[in-house]
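See below for the structure under consideration.
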Amino acid sequence: MVDIKISGRQVTITDSLREHVESKIGDALKVFDIKPMSCDVVLRVDKNRSNPERRTCEVTVFVRDSVVRVAASSADLDAAIDDAADKLTRQMRKYKTRVVDKRQRVKRPEPVVERVADLADLIEPEHVAPEDEDALVREKYIELRPMTEEEALVQTDLLGHDFYVFQNSATGLVNVIYHRKNGGYGIIKPKSEGADE
């Protein structure tokens, strides 16, 4: 069984809430017998009372050298947990088909990476007051690791982000891959990496 670390922000973690998370999220993870794997679940209630779906369940799964992240919000915390479990099942299937199955076909050695310490603190959204919109409200440090553009795109999908910063394994330079609003994806590269203009 995967160890599920549960924490609450503005929420008291009761025994029944813990059992519900372990049951639903545990079932979503049980399907894949992948080691090493650990899971962090953050349950929180936003302070904005005008938001009808202010109860959120964020799930972050550390599996081998990847991070899979989902979040779901609802008026009811149990419903948010159920929605997050459904999303997690889909993301884990995507992880298996895109990453695990591909590795088994390619048969290359796995890179060794360190686990990001307490990623849950990095994924909680910041609320910025309107008068502070131009203020720098967060600073993140990331560990760049060499990967192909395709691997970076998979990481973008697994994390549910619009973009992903990575070190291009072909050039050794930092690139940013992003999803375009009209479909497809784009990549930002240093001018020195592209053709001379």
> Sub-3.5 Å donor-acceptor pair from the side chain of Q167 to the main-chain atoms of G172, do we have one?
Replying inline: yes
>> Counting C-beta onward and ignoring hydrogens, is there a side-chain heavy-atom pair between V174 and P190 closer than 4.5 Å?
In response: no
>> Let me confirm one number: the CD-OG distance from E149 to S169, rounded to the nearest 0.5 Å.
In response: 8.5 Å
> If we only count heavy atoms from C-beta on, is the I81 to L17 side-chain gap below 4.5 Å?
Replying inline: yes
> Can you tell me how far the NZ atom of K24 sits from the CD1 atom of I4, to the nearest 0.5 Å?
Replying inline: 13.0 Å
> Any side-chain heavy atom of V11 sitting closer than 4.5 Å to one from V45?
Replying inline: yes
> What distance do N175 atom CG and L144 atom CG have between them, rounded to the nearest 0.5 Å?
Replying inline: 10.0 Å
> Can you check whether D78 reaches H20 side chain to side chain, under 4.5 Å on heavy atoms?
Replying inline: yes
>> Would you say that more than 12 heavy atoms from the other residues, nucleotides or ligands in this model lie under 6.0 Å from the CG of D15, or not?
In response: no
>> To the nearest 0.5 Å, what is the distance between CD on E22 and CG on D27?
In response: 11.0 Å
> Which pair of heavy atoms, one from F166 and one from T148, lies closest together, and at what distance?
Replying inline: CE1-O, 4.1 Å
> Roughly how far, to the nearest 0.5 Å, is CG of D40 from CZ of R69?
Replying inline: 12.0 Å
> Is it true that a side-chain atom of R54 and a backbone atom of D46 form a donor plus acceptor pair closer than 3.5 Å?
Replying inline: yes
>> Please determine whether the number of non-hydrogen atoms from other residues, nucleotides or ligands lying under 6.0 Å from atom OH of Y178 exceeds 12.
In response: yes
> Does a side-chain heavy-atom distance below 4.5 Å link S74 with R55?
Replying inline: no
> What's the verdict on side-chain contact (heavy atoms from CB on, under 4.5 Å) for L173 and K189, showing C-alpha distance, side-chain angles and the deciding distance?
Replying inline: CA-CA 8 Å; L173 298 173; K189 299 180 177 185; over 6 Å; no
> How far does CG of L43 sit from CD of Q10, to the nearest 0.5 angstrom?
Replying inline: 12.5 Å
> Using 4.0 Å as the upper bound for N to carboxylate O, is an ion pair formed by R145 and E151?
Replying inline: no
>> Which heavy atom of S73 sits nearest to which heavy atom of D83, and what is that distance?
In response: O-OD2, 4.5 Å
